[in-house]
Amino acid sequence: MKKTWWKEAVVYQIYPRSFCDSNGDGIGDLPGIESKLDYLKELGIDVIWLSPVYRSPNDDNGYDISDYEDIMEEFGTMADFDRLLKKAHEKGIKIVMDLVVNHSSDEHAWFMESRKDKENAKRDYYIWRKGRPLSTVSKEEQERFAGDIVEYQGEKLLPPNNWGSFFSGPAWVFDEKTGEFYLHLFSKKQPDLNWENEIVRKEVFDMMTRWCEKGIDGFRMDVISLISKPEGLPSTEIPKGAVYGDGAVCANGPRVHEFLQEMNQKVLSKYDLMTVGETAGVTLEEAKKYANEAQTELNMVFQFEHVSMDENPKYGFKWNTGRMPLVPLKKNLEKWQLGLKDVAWNSIYLCNHDQPRVIARLGDDGGQYRERSAKCIATFLHMMQGTPYIYQGEELSMGNYPFTDPSQFRDLESINAYEELTEKLHISPEELFPMIAHKSRDNARTPMQWNSEKEAGFTTGTPWISVNPNYTTVNAEEQLKRPDSVFHYYQKLIALRHSSELIVYGDFHLLLPEDPDLFVYERTLGEKKLLVVCNVSENERDFAIPEEFNAGKLLIHNVEGEDAKRGHLLPYEAFVLEI
Ligand code: NOJ
């Protein structure tokens, strides 16, 4: 396996809206990030992944971009960006930009042209189709989608196929002006770009080149696995727990690898970048193509199987209140560790801006083991193979927000799902609310907790989304002062990775696969070996380490003053031995 800097790096994701507000408008911004570079330096990370900072009407908090080459007003100016990049580089920190090109905003100049008339030069930048006359669809479909029927020039029409948007409702919007529908796999304000059009690809590649010329260090590519749509855009089966057909049918489409190889040849291969594809719906076989060692497409994938282990068995959707079950989680992580060995590279993560806080899914959020469980989870994650991603606040054990009412949701996915599932699938609000509260993306988006002052030191104004009330105890200032804090534990995990080829490149071997509490594995590289032991539960457990590790060196341990080798584990105890 080839050694590269991005395999050895640790990434820190910043969600700019919620990171640090420098001007009191309640919204995080670029100067705010700049003011926290020393904090990140102290943590020890190598790369910042910056969620979108481009101009956007913010239907989906910046993932709906109206100008790829300008900065969102609330976040600052291009001069602020240039200064941030320069300052980060001076401190040895790289910046990877979010690249959102499966779709743009409907307020992007391209789309505004595209929707003007069918002959417009930019019409084909997006995916426009005629509707289906009611006479051509089954009675069942007519009834099921009655609310989506539109009337145009005396004819009743249903959308071109049955696909649903990932944010509820149909994946199509009817545009009266030209009498056609446009496709949006995400919100109505996120029309999908037409990658079949080579002019669109050229526009995207040229824009990427201009960012590279500015000196950025890479791209995290939003839902890049969805850019090539299946031929004919066929209707699909409607999955359990859904109203519409599954737009995920677009994952790993027929031309996606061709498009990425073209991107690689025309842009990526010319610079020293880190590239990560957010690849929803990726399988092992597909990942081997996206992130192949020969580097003809991207450096690594960011996949979702392991964070989908707590899906709701009753309804078959993500909304649930249950814990993430450890056995399937371990087996899934093992599958990816072994499956990509020597052939492709993976990202390892449990938190990001789309996931609830991991401590609420697998640890003891709000309980007596909050800190120990956060360290335990971090241990099993950071000792695996792949490039680790830390999401802002994870290094402090930030938890889920205690939602009490749907009016507190800010995220369109949560708001729309609540409406659609109560109204169309008739799930009672009493049953649904706790599930959405537990899994909502808003849990990740509450402001970063810097100190115990007003609004956790995030803003001097009113934050755009409420601060988690636990900020008086969970905050950076307190943890920086305390040597046994979660922050300092993360600092140590990062330093260990930086000092060990075994941690970066070693082979993975899972022990006790069926144990519901213990996550135990070995890593090996040449003669060297690592034993990672994590009790991911509230149970006390006996565990005798394999004999060969009796003389092992203790690299890290989340319980002070106990002998790691004593044959017993406290709740959420974790340690790593090396021989
Ligand atoms: C994936 C992003 O991570 C998510 O936040 C966003 O809503 C969708 N893609 C659409 O861009």
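Whatever order the structure lists ligands and atoms in, that order sets their numbers, starting from 1.
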Can you report which non-hydrogen protein atom sits closest to atom 1 (C) of ligand 1, along with the distance? D222 OD1, 2.9 Å
Checking heavy atoms under 4.0 Å, the part of R220 that sits near ligand 1 is side chain
Out of all atoms in ligand 1, which are within 4.0 Å of some heavy atom of H103? Include the element for each. 10 (C), 11 (O)
Using a 4.0 Å cut-off to any heavy atom of R441, which atoms of ligand 1 qualify? 4 (C), 5 (O), 6 (C), 7 (O)
Judged by modelled atom types alone, do T446 and D442 share a side-chain donor-acceptor pair under 3.5 Å? no
What protein heavy atom lies closest to atom 3 (O) of ligand 1? Include the residue and the distance to one decimal. D354 OD2, 2.5 Å
I'd like to know if the side chain of K424 pairs up with that of Y244 as donor and acceptor (distance under 3.5 Å, no hydrogens or angles considered). yes
Test the K229-W195 pair against the cation-pi criterion, namely NZ or CZ under 6.0 angstrom from the six-membered ring centroid and within 45° of the ring axis. no
List every atom of ligand 1 that sits less than 4.0 Å from any heavy atom of V223, numbering the atoms from 1 in the order shown and giving each element. 9 (N)
Return the residue, atom name and 0.1 Å-rounded distance of the protein heavy atom closest to atom 6 (C) of ligand 1. D60 OD2, 3.3 Å
Side chain, backbone, both or neither: E413 near ligand 1, heavy atoms under 4.0 Å: neither
Approximate separation, where rounding is to 0.5 Å, of M274 CE and L298 CG: 11.0 Å
Minimum heavy-atom distance D29-G32, with the two atoms named: OD1-N, 2.8 Å
Using a 4.0 Å heavy-atom cut-off, say whether F302 meets ligand 1 through its side chain, its backbone, both or neither. neither
Between P191 and H184, the two heavy atoms sitting closest are CA-CB, 4.1 Å
Would you mind running through ligand 1 and noting each atom that sits below 4.0 Å from a heavy atom of F167? 7 (O)
State if F166 counts as touching ligand 1 under the rule of any non-hydrogen atom under 4.0 Å. no
Can you confirm whether or not the ring centre of Y271 sits under 6.0 Å from the ring centre of W211? no
Heavy-atom pairs closer than 4.0 Å: do any link ligand 1 to the side chain of M221, the backbone, both, or neither? neither
Report, in ascending order of atom number, the atoms of ligand 1 lying under 4.0 Å from any heavy atom of H353. 2 (C), 3 (O), 4 (C), 5 (O)
Angle between ring planes, H257 versus Y290, binned at 30° and 60°: parallel, tilted or perpendicular? tilted
Measure from NZ or CZ of R17 to the centre of the six-membered ring of W464, then state whether that distance is under 6.0 Å and the direction lies within 45° of the axis. yes
Close-contact set for ligand 1 against R445 heavy atoms, below 4.0 Å: 5 (O)
